[in-house]
Chemist: 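Would you mind keeping the following structure in view while I ask a few things?
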Amino acid sequence: MSNPRGEFRSRLGFILAAAGSAVGLGNIWGFPTQAASNGGAAFLITYLMLAFVLAYPALMAELLIGRHTHQNMVTALESLPESGPLRSLGRFTGIGGLVTASLILSFYAIVAGWMLGFAASYPLKAMGVTHTAEWLITFDLPRNALLMLVFMGLTIAVVLGGVEDGIERWSRRLMPLLIATLIALSAYVLTLEGALAGLKAYLLPDFSKLLSRGLLIDALGSAFFSLSLGVGTMLIYGSYLSDKENIPRVGAQVALVDIGIAVLAGFLILPAMYVADARGVAIFNSSGGLLSEDTLIFTVLPALFETMGSIGVTLATAFFVLMSIAALTSSISMLEVPVAYLIERHGLTRHHATFLTGACIAAFSSLIVLNFGSLFGWVITVSTRYGQPLLGILICIFAGWVWRRDALLKELKKNDPDAASGLFWRIWPFYVKWLCPVIIGIIVFQSIV
Ligand code: PHE
């Protein structure tokens, strides 16, 4: 009989779901543009180092705590300590995680809605439905609100299906499509004139940028955002993982897919920008830096597709469908965090929990849409730049200091009797106890002062 809490049916299903959570707008949009404006390969190297040294151990902390407790984030962190005050800290951290996951979803759904709008606009325009096609890519309030609601509707529909029939099934369908589309698009763009200059901007390191103070916090924030850390998404996915799986191994596979796709996306976005440049589309801002963020995705790339005639329509549709898929497999993991909490702690059915949380987050998203100028950037900064790393520190403290070492080792031995003599056990406990909290703390502290 299947587990009443829900459990991934297969290892591949878990890896695709967890990689689906990790691979999102952060990888395909955020990473390449940050790399471009922060010294190309210099940023890439910093990012890779932070990802392996800090983010992978933090990912393992979440997966291990989740798999050990088989509980939602609040109950999981509360159940690790033996004493009262630490239990309260666990509850506080868990609630912090689910609030932050909801905040991230509230802005993510708006951006993902734009992706849906662009994805639908190109084929509609080609079919002659010009008016709707143009409306879908204007940034006015009703369109932003409507598309956000459509995207939230899709997220809710998947999460309603539960772990196996919702999250796992859709990740298995969508992730291969995402990877195939990304490879096909990069391969095509690399054949176009100008692509080489993009490759140079991406791969030639400019080490002078490495010394800038903002770079570390940006790269750390990117790595944490990209691996979906701190907010309990990996913890909850870990909690649905069977005791038979070797966590250090599947965790490494998830991290490698995530990092690999971010790096691969660099081979699409940067060359595409320089192809656009070769075709006369402006790609630099007035101070000589590369255009990035919203201008890149919604101005530069559409202008590039425009220069390509009918193949441009296919490429544009494929690109925005790719972005929408990446966003959906991430948003379902964010919604699952509060949903699992409501089901397990407050006895709600999955149906009620999903609709209730989905509606609250959609209402908050609408508030952001209505007060875009003042709220949008603020919510992003609070949740991703500070919330995620700070919660990440607390989770590392729980894994490294609060969780008893013998219990931890027992967890690892569930599927690997020789865990005590393995490399992971010799390195990871030290990392998660000392290095992660201290280094993450220093970087966050520096960025605040
Ligand atoms: N990892 C996702 C991305 O790269 C974002 C995310 C953050 C997902 C936090 C879940 C939790 O876009």
Side-chain angles (χ1 to χ4, degrees), residues 15-35 47 50-51 55-56 58-59 62-63 66 72-73 94 96-115 151 155 158-159 167 171 174-175 178-179 182 218-238 251 254-266 269 293 297 322-341 357 361 379-392 395:
I15 292 174
L16 290 179
S21 164
V23 173
L25 302 176
N27 302 57
I28 301 175
W29 175 6
F31 171 78
T33 50
Q34 276 190 321
Y47 177 84
L50 290 178
Y56 171 70
L59 168 71
E62 283 202 35
L63 289 178
N72 64 84
M73 188 176 185
L98 59 93
V99 170
T100 311
S102 309
L103 283 180
I104 294 179
L105 182 50
S106 69
F107 77 76
Y108 208 81
I110 300 173
V111 182
W114 298 340
M115 302 298 169
F151 183 79
T155 306
V158 175
V159 173
I167 296 171
S171 304
L174 295 175
M175 285 304 286
L178 177 144
I179 295 173
L182 184 58
D218 280 350
L220 180 75
S222 265
F224 262 69
F225 185 73
S226 177
L227 274 170
S228 314
L229 296 177
V231 294
T233 45
M234 290 301 174
L235 192 153
I236 195 71
Y237 277 12
V254 170
L256 283 176
V257 175
D258 179 58
I259 294 166
I261 291 190
V263 174
L264 182 60
I269 302 289
E293 302 182 348
I297 297 289
L322 167 80
M323 295 296 259
S324 308
I325 293 177
L328 184 62
T329 51
S330 297
S331 65
I332 54 181
S333 71
M334 299 174 205
L335 185 58
E336 182 62 18
V337 177
V339 164
Y341 165 76
T357 332
I361 294 174
V379 175
I380 296 182
T381 307
V382 168
S383 57
T384 65
R385 212 175 147 104
Y386 300 112
Q388 280 192 287
L390 288 174
L391 287 161
I395 293 175

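All residue numbers in this chain count up from 1 along the given sequence. Note that ligands are numbered from 1 as they come in the structure, with each ligand's atoms numbered from 1 the same way. Values below: all heavy atoms of this structure, side chains included; hydrogens, waters and symmetry mates excluded.
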Chemist: What part of Ala22, side chain from CB on, backbone N/CA/C/O, both or neither, has a heavy atom under 4.0 Å from ligand 1?
Modeler: backbone
Chemist: Going by the atom numbers of ligand 1, which of them fall below 4.0 Å from some non-hydrogen atom of Ser330?
Modeler: 2 (C)
Chemist: What residue and atom, counting heavy atoms only, is the protein's closest point to atom 12 (O) of ligand 1, and at what distance?
Modeler: Tyr108 OH, 2.6 Å
Chemist: I would like to know whether Ser333 and Tyr237 meet side-chain contact (heavy atoms from CB on, under 4.5 Å); could you show each step before the answer?
Modeler: CA-CA 8 Å; Ser333 71; Tyr237 277 12; 3.2 Å; yes
Chemist: Ring-plane angle category for Phe107 and Phe225, please: parallel below 30°, perpendicular beyond 60°, tilted otherwise.
Modeler: parallel
Chemist: Do Ile380 and Arg385 have side chains that get closer than 4.5 Å, going by heavy atoms?
Modeler: no
Chemist: If we set the cut-off at 4.0 Å for heavy atoms, which region of Phe225 has an atom near ligand 1: side chain, backbone, both, or neither?
Modeler: both
Chemist: At less than 4.0 angstrom from any non-hydrogen atom of Gln388, what atoms of ligand 1 do you find?
Modeler: 9 (C)
Chemist: Is ligand 1 under 4.0 Å from a heavy atom in the side chain of Ser333, in the backbone, in both, or in neither?
Modeler: side chain
Chemist: What do the steps show when you test Glu336 against Ile167 for side-chain contact (heavy atoms from CB on, under 4.5 Å), and what is the final call?
Modeler: CA-CA 9 Å; Glu336 182 62 18; Ile167 296 171; 3.7 Å; yes
Chemist: Using a 4.0 Å cutoff against the non-hydrogen atoms of Asn27, which atoms of ligand 1 qualify?
Modeler: 4 (O)
Chemist: How far apart are the C-alpha atoms of Ile361 and Leu335, what are their side-chain angles, what is the distance that settles it, and do they pass the side-chain contact (heavy atoms from CB on, under 4.5 Å) test?
Modeler: CA-CA 9 Å; Ile361 294 174; Leu335 185 58; 4.1 Å; yes
Chemist: Given side chains that start at C-beta, do those of Val23 and Met175 come closer than 4.5 Å, heavy atoms only?
Modeler: yes
Chemist: Out of Ser21, Ala327, Gly26, whose heavy atom is nearest to atom 2 (C) of ligand 1?
Modeler: Ser21
Chemist: I want to check something: taking the side chain as every heavy atom from C-beta on, are Tyr47 and Ser222 in contact at a cut-off of under 4.5 Å?
Modeler: yes
Chemist: Apply the test side-chain contact (heavy atoms from CB on, under 4.5 Å) to residues Met334 and Val231: give CA-CA distance (whole Å), side-chain angles for both, the deciding distance (0.1 Å), then the verdict.
Modeler: CA-CA 8 Å; Met334 299 174 205; Val231 294; 6.0 Å; no
Chemist: Please could you name the atoms of ligand 1 that Val231 approaches to less than 4.0 Å, counting only its heavy atoms?
Modeler: 9 (C), 11 (C)
Chemist: Which heavy atom of the protein is the closest neighbour of atom 8 (C) of ligand 1, given with residue, atom name and distance?
Modeler: Ser228 OG, 3.3 Å
Chemist: What atoms of ligand 1 come closer than 4.0 angstrom to any heavy atom of Thr233?
Modeler: 10 (C), 11 (C)
Chemist: Hey, which atoms in ligand 1 end up nearer than 4.0 Å to a heavy atom of Ser226?
Modeler: 1 (N), 4 (O)
Chemist: For ligand 1, find out whether one of its N or O atoms is nearer than 3.5 Å to an N or O atom of Ile104.
Modeler: no
Chemist: Quick one: look at Leu229 and ligand 1, take heavy-atom pairs under 4.0 Å, and tell me if it's side chain, backbone, both or neither.
Modeler: neither
Chemist: Do you know the tightest heavy-atom contact between Phe224 and Gly392?
Modeler: CE2-CA, 4.0 Å
Chemist: List ligand 1 atoms under 4.0 Å from Met334, heavy atoms only on the residue side.
Modeler: 6 (C), 8 (C), 10 (C), 11 (C)
Chemist: Do Ser383 and Gln388 have side chains that get closer than 4.5 Å, going by heavy atoms?
Modeler: no
